[in-house]
Amino acid sequence: MKKLIAGNWKMNGLSADAALLAREIKGGIEAEQNLACLCDFCVCPPYVHISIVQQILGDLSISVGAQDCAATPNGAYTGDISSEMIKDLGCDYVILGHSERRQYHDEESATVAAKAAKAHQDGLITIVCVGETDEERQRGIQEDIVSKQLIDSIPASATAENLVIAYEPVWSIGTGKTAQPADVETMHRVIREKLKEKLDNSAAVRILYGGSVKPENAASLLTIKNVDGALIGGASLKADQYLAIARAVASL
Ligand code: PGA
């Protein structure tokens with residue numbers, strides 16, 4: 001399975017920054033054509049920068065995604081953005097259930113599942129995020145927590161084509177702390193097993209690792225069994241780092 005190198009730009013950068021970053025990523029991928037043969041790319045800018053980024057990327061095969069969407073169809077929901085609007089912009093992906101949404105916006109797995117169902121209906125691929133907190137890992141309940149999040153966040157509409165899972169231990173996001181390879185391997189195996197309860201063709205679902213992925217640790221993380229790519233926050237804001245992570249795939 002081709003690795004997916006997904007960048008989550010979060011709430012960073014003004015339009016000029018997004019344009020520059022998109023230009024640098026485009027330039028890098030055009031210059032090293034083997035990268036696009038080995039990896040699929042996706043960048044998820046803030047909503048307001050999506051069109052700018054798309055214009056710059058043009059027909060280069062880098063997918064663009066959003067970082068969230070509403071569970072409802074268009075209507076009187078001030079401040080919300082629908083999956084139909086995201087699809088209409090030409091996006092392929094939407095990230096759902098990121099731990100920052102779960103934490104700061106009280107999003108529960110049932111809400112994530114409702115959003116994912118609507119996004120699937122509108123033709124988007126959902127990157128559904130799951131992950132345990134530090135406290136949950138200390139208590140040794142990380143597998144139960146992640147399994148429950150997974151089962152409760154995936155709607156019946158999910159297929160191997162429209163679902164990507166991102167395992168992101170909350171304590172490793174933006175902290176510089178990366179999970180131990182053995183722990184990543186265990187959790188990705190648990191997720192792969194659990195997916196069987198939800199999907200027929202679960203072996204074909206990509207499971208990304210996220211949490212302080214950097215050029216220095218990319219090769220060791222991306223060689224782990226059942227790690228089918230990375231969801232990258234901080235390092236995706238620097239084109240050279242984002243591209244270096246993809247280059248690590250090329251070196252595998
Ligand atoms: P990070 O973020 O790479 O900055 O740890 C990952 C994420 O939140 O998706």
Side-chain angles (χ1 to χ4, degrees), residues 3-13 17-18 21 25 39-47 49-50 53 62-69 91-105 107 109 112 115-116 119 124-134 136-137 142 145-146 149-150 153 163-181 183-184 187-188 191 206-222 224 227-249:
K3 306 272 188 209
L4 176 62
I5 306 298
N8 174 10
W9 294 4
K10 307 195 181 185
M11 194 172 75
N12 287 297
D17 304 306
L21 183 52
I25 290 173
C39 310
D40 286 329
F41 291 95
C42 165
V43 294
C44 301
Y47 294 125
H49 301 330
I50 286 175
V53 167
I62 301 178
S63 298
V64 179
Q67 299 171 18
D68 185 37
C69 71
C91 288
D92 300 307
Y93 287 87
V94 61
I95 299 172
L96 292 173
H98 190 281
S99 65
E100 287 151 15
R101 303 275 335 156
R102 292 179 189 263
Q103 189 182 349
Y104 305 134
H105 298 271
E107 259 185 34
S109 295
V112 177
K115 290 179 171 190
L124 291 169
I125 303 169
T126 53
I127 302 178
V128 171
C129 304
V130 292
E132 81 284 358
T133 63
D134 190 27
E136 288 159 348
R137 181 161 282 271
Q142 67 276 7
I145 294 288
V146 168
Q149 277 180 0
L150 192 76
S153 302
L163 179 72
V164 174
I165 300 298
Y167 167 56
E168 301 202 304
V170 179
W171 48 270
S172 81
I173 296 176
T175 57
K177 289 188 218 160
T178 319
Q180 292 301 316
D183 293 337
V184 175
M187 193 61 88
H188 279 239
I191 291 172
R206 276 169 162 156
I207 308 173
L208 314 182
Y209 173 79
S212 297
V213 177
K214 302 182 276 273
E216 305 84 71
N217 59 26
S220 62
L221 287 165
L222 288 161
I224 297 170
V227 174
D228 309 308
L231 181 57
I232 310 152
S236 75
L237 295 171
K238 301 221 164 59
D240 58 339
Q241 293 196 17
Y242 179 69
L243 294 167
I245 291 168
R247 229 171 269 129
V249 175

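Order of listing sets the numbers, starting from 1, for every ligand and every atom in it.
- Looking at atom 4 (O) of ligand 1, its nearest protein heavy atom turns out to be G234 N, 2.8 Å.
- The shortest N or O to N or O distance between S212 and ligand 1 is under 3.5 Å.
- Counting heavy atoms closer than 4.0 Å to ligand 1, residue S172 contributes backbone atoms (N, CA, C, O) but none from C-beta onward.
- Under the 30°/60° scheme for interplanar angles, the aromatic rings of H188 and Y167 are found to stand perpendicular.
- Considering CD of E168 and CE of M187, their distance stands at 13.0 Å, rounded to 0.5 Å.
- Listed here is the closest heavy atom pair of S236 and L21: O-CD2, 3.7 Å.
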Evaluate the criterion side chain to side chain contact (heavy atoms under 4.5 Å, CB included) for residue pair L4 and Y93; output intermediate values, then yes/no. CA-CA 12 Å; L4 176 62; Y93 287 87; 3.9 Å; yes
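- Here the straight-line distance linking atom OG of S63 with atom CG of L124 works out to 11.0 Å at 0.5 Å rounding.
- The H98 neighbourhood of ligand 1 comprises atoms 7 (C), 8 (O), 9 (O), with distances under 4.0 Å to a heavy atom of that residue.
- Taking a 4.0 Å cut-off on heavy atoms, G174 registers as neighbouring ligand 1.
- For atom 9 (O) of ligand 1, the nearest non-hydrogen atom of the protein is E168 OE2, 2.6 Å.
- Side chains of S153 and R102: a donor-acceptor N/O pair is present below 3.5 angstrom, by distance only.
- Contact analysis leaves K214 out of contact with ligand 1, as no non-hydrogen atom separation drops below 4.0 angstrom.
- Taking any N or O of G210, backbone or side chain, none lies under 3.5 Å from an N or O belonging to ligand 1.
- Heavy-atom minimum distance, I245 versus V213: CD1-O, 3.8 Å.
- Heavy atoms of I173 found under 4.0 angstrom from ligand 1 belong to the backbone as well as the side chain.
- Near K10, meaning under 4.0 Å from one of its heavy atoms, ligand 1 places the atoms 2 (O), 7 (C), 8 (O).
- Listed by number with element, the atoms of ligand 1 under 4.0 Å from a non-hydrogen atom of G211 are 5 (O).
- For I165 against V130, the heavy-atom pair with the smallest separation is CG2-CG2, 4.1 Å.
- Per-residue contacts place N8 under 4.0 angstrom from the following atoms of ligand 1 (heavy atoms of the residue considered): 9 (O).
- The shortest N or O to N or O distance between G233 and ligand 1 is below 3.5 Å.
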Evaluation steps, side chain to side chain contact (heavy atoms under 4.5 Å, CB included), between D68 and Y47: CA-CA 9 Å; D68 185 37; Y47 294 125; 3.6 Å; yes
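- Not a single N or O atom of T175, backbone or side chain, sits closer than 3.5 Å to an N or O atom of ligand 1.
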